[in-house]
Amino acid sequence: MDHKSFLATLPPNLVNRLNIRQNTGPFLHLAAHLSLILITGTLITLRAPFWPLLLPIHGILLVFLFALEHEATHKTPFANERLNEWVGRIIGLVIFLPFQWFRYFHLAHHRYTNDPTKDPELLAGAKPETWPAYLLHVSGLPYWVSMVRQIFSNAIGRADADYLPKRALPRLQTEARWMLALYTLAGLSLILSPMLFWNWLMPIALGQPFLRLFLLAEHGRCAFVANMFENTRTTLTNRFVRFLSWNMPYHIEHHTMPTVPFHKLPELHREILDQQRVTEPGYVSFTQAYIRGLSEK
């Protein structure tokens, strides 16, 4: 059974229940995530003992807000649609990922998941198969270069991709120009204080490799087919990682029903468990298996 056949078997009342969005639970989740960021950020600012060791931890907490921005592209984390949009924009500013552009990129990824000729994730070279490519990918450098280029391209009105409708280009341009203006102000603030460097720029650079490793598990080494049960992986990790990543490890579930909010994915996981064909018991085991298959050149 493929994912489309499976969806046809689900009772309408279950589908309706899974698609219910809410504000309270997601808001508490966001408050908890931001509280952890505030704690580590405060300790770094106060130069607590061993504060440099907190930089990558702070960075991981920051870059994994990507999971919420990803969720916001589907308009599902909160029942309030305006809140979804602003949360997505703010996180996009923090992690250098323009929200409006990413929505079109990501929806194209859903439409053409693991299609080597159409999936923008694959076209961007997100699945390294050699040691040099893997180390470069995990470093995060290709991400930073790509996003800086994308923001500037959007800002000057030269964003160009098959998945970008022309009607969206003015919005992408406005968003990118606001981002560049705010980044300029942030850069100028470094003249007066290094606070943003130690609380933002350095941590997200240190945290990005962990996000690259995490994201590689979603489709890395999965089949190039249209069936979401085969082209996507669910990783059975611990509660803290699921919390930090807003339940994104339930990735088969997310690709099977993208309209289901993150807090309903565990329930969908129980419904879909017998159909899953690509799972992994954890991110360490996935990484170990992935690197065993890398070639030297």
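Because only heavy atoms are used, hydrogens play no part in the values below, and waters and symmetry mates are left out as well, while side chains stay in.
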Counting C-beta onward and ignoring hydrogens, is there a side-chain heavy-atom pair between Ile291 and Trp131 closer than 4.5 Å? yes
Checking the side chain of Glu175 only, and the main-chain atoms of Gln100 only, is there a donor and an acceptor separated by less than 3.5 Å? yes
Atom of Thr256, atom of Met228 and distance for their closest heavy-atom approach: OG1-CB, 4.0 Å
So, Asn227 and Glu230: side-chain donor and acceptor under 3.5 Å apart, yes or no? yes
Measuring only between side-chain heavy atoms, which start at C-beta, is His109 closer than 4.5 Å to His255? yes
Answer with yes or no whether the hydrophobic clustering places Leu34 together with Leu62; edges join I, L, V, M, F, W, Y residues whose side-chain heavy atoms lie under 4.5 Å apart. yes
To the nearest 0.5 angstrom, please state how far the CD1 atom of Ile151 sits from the CH2 atom of Trp101. 9.5 Å
Looking at Tyr290, I'd like to know if the NZ or CZ of Arg221 sits under 6.0 Å from its six-membered ring centre while staying within 45 degrees of the ring's axis. yes
Under the side-chain hydrogen bond (donor to acceptor under 3.5 Å, both in side chains) criterion, do Glu253 and Thr234 qualify, and how do the steps go? CA-CA 8 Å; Glu253 295 78 358; Thr234 281; 2.7 Å; yes
Please check if the side chain of Ser193 supplies one atom and the backbone of Leu190 the other of a donor-acceptor pair under 3.5 Å. no
Between Leu68 and Pro77 the two heavy atoms that sit nearest each other are CD1-CB, 3.7 Å
How long is the gap from CG on Leu65 to CG on Leu244, to the nearest 0.5 Å? 8.5 Å
Are Thr235 and Glu280 close enough that a side-chain donor and a side-chain acceptor fall under 3.5 Å? no
Should the pair Trp198 and Trp51 be assigned to parallel (<30°), tilted (30 to 60°) or perpendicular (>60°) ring geometry? perpendicular
Could you check His3, His251, His219, His254 and say which one makes a ring-ring contact (aromatic ring centres under 6.0 Å, His included) with His110? His254
Nearest-0.5 Å distance that lies between atom CZ in Phe64 and atom CG in Leu211: 5.0 Å
One should read off an interatomic distance between Met257 CE and Leu7 CG, to the nearest 0.5 angstrom, of 6.0 Å
Run the side-chain contact (heavy atoms from CB on, under 4.5 Å) test on Leu213 and Tyr283 for me, step by step, so that the C-alpha distance in whole Å, both residues' side-chain angles and the decisive distance to 0.1 Å come before the verdict. CA-CA 8 Å; Leu213 289 169; Tyr283 287 96; over 6 Å; no
For Gln208 and Arg212, which I'm curious about, is there any donor-acceptor pair between the side chains at under 3.5 Å? yes
Please check this pair: side chain of Arg242 against backbone of Asn247, looking for a donor-acceptor N/O pair closer than 3.5 Å. no
Side-chain heavy-atom pair Ile91, Ile95 within 4.5 angstrom cut-off: yes
Could you please spell out the steps behind the side-chain contact (heavy atoms from CB on, under 4.5 Å) verdict for Gln22 and Phe27? CA-CA 9 Å; Gln22 58 175 269; Phe27 182 80; over 6 Å; no
Can any side-chain N or O of Thr76 pair as donor or acceptor with the backbone N or O of Ala72 at less than 3.5 Å? no
Parallel, tilted or perpendicular: which describes the rings of His70 and His74, with under 30° parallel and over 60° perpendicular? perpendicular
Atom of Pro98, atom of Glu69 and distance for their closest heavy-atom approach: C-OE2, 4.1 Å
Could Glu85 and Arg103 be called an ion pair, given the rule that one side-chain N must be under 4.0 Å from one carboxylate O? yes
I'd like to know whether CH2 of Trp144 has more than 12 heavy-atom contacts from other residues, nucleotides or ligands below 6.0 angstrom. yes
What heavy-atom pair brings His58 and Asn199 nearest, and what distance separates the two atoms? NE2-O, 2.9 Å
Within a 6.0 Å radius of atom CZ on Phe99, are there more than 12 heavy atoms belonging to other residues, nucleotides or ligands? yes
Check the pair Glu121, Phe105 against side-chain contact (heavy atoms from CB on, under 4.5 Å), reporting the backbone distance first and the verdict last. CA-CA 8 Å; Glu121 281 196 5; Phe105 175 95; 3.8 Å; yes
Of the non-hydrogen atoms in Ala159 and Asn154, which two are nearest, and what is the gap between them? CB-OD1, 3.0 Å
Measuring from Ile60:CD1 to Leu206:CG, what's the distance to the nearest 0.5 Å? 9.0 Å
Is any side-chain heavy atom of Phe243 closer than 4.5 Å to one of His29? yes
Give a yes or no on whether Val63 and Met202 share a hydrophobic cluster (residues Ile, Leu, Val, Met, Phe, Trp, Tyr; joining criterion: side-chain heavy atoms under 4.5 Å apart). yes
Residues Glu267 and Arg17 bridged, charged N to O under 4.0 Å: yes
Any chain of hydrophobic side-chain contacts (each under 4.5 Å) joining Leu185 to Leu201? yes
Can you get from Leu54 to Phe197 by hopping between Ile, Leu, Val, Met, Phe, Trp and Tyr side chains that sit under 4.5 Å apart? yes
Apply side-chain contact (heavy atoms from CB on, under 4.5 Å) to the pair Thr232 and Thr113, showing each step before the final yes or no. CA-CA 8 Å; Thr232 304; Thr113 304; 4.0 Å; yes
Connected via hydrophobic side-chain network under 4.5 Å: Val225 and Leu122: no
Would Arg21 pass as a cation-pi partner of Phe78, given that its NZ or CZ must be under 6.0 Å from the six-membered ring centre and within 45 degrees of the axis? no
Quick one, Phe224 and Asp115 - any side-chain contact, counting heavy atoms below 4.5 Å? no
Please find the pair of heavy atoms, one from Met179 and one from Gly92, that lie closest to each other, and give the distance. CE-O, 3.6 Å
Using modelled atom types and a 3.5 Å cut-off, is there a donor and acceptor pairing between side-chain atoms of His33 and backbone atoms of Leu61? yes
Is there a side-chain contact between Phe66 and Leu97, using heavy atoms and a 4.5 Å cut-off? yes
Which of these passes ring-ring contact (aromatic ring centres under 6.0 Å, His included) with Phe96: Phe102, Trp200, Phe152? Trp200
Using a 6.0 Å cut-off, check whether atom CE of Met1 has over 12 heavy atoms from anything other than its own residue. yes
With a sphere of 6.0 Å drawn around CZ of Arg158, does it hold more than 12 non-hydrogen atoms of other residues, nucleotides or ligands? no
Less than 4.5 Å apart, any side-chain heavy atom of His269 and any of Leu236? yes
Donor-acceptor pair, side chain of Asn23 and main chain of Ala79, under 3.5 angstrom: yes
Under 4.5 Å between any side-chain heavy atoms of Thr279 and Phe286, yes or no? no
Sub-3.5 Å donor-acceptor pair from the side chain of Arg233 to the main-chain atoms of Gly220, do we have one? yes
Rounded to the nearest 0.5 Å, how far does OH of Tyr134 lie from OG of Ser139? 11.5 Å
Would you say Tyr183 has more than 12 foreign heavy atoms packed within less than 6.0 Å of its OH? yes
I'd like to know if the side chain of Asn114 reaches the main chain of Cys222, judged simply by a donor and an acceptor atom lying under 3.5 Å from each other, with no hydrogens or angles considered. yes
Judged by atom type as modelled, is there a donor-acceptor pair below 3.5 Å linking the side chain of Glu71 to the main-chain atoms of Phe262? yes
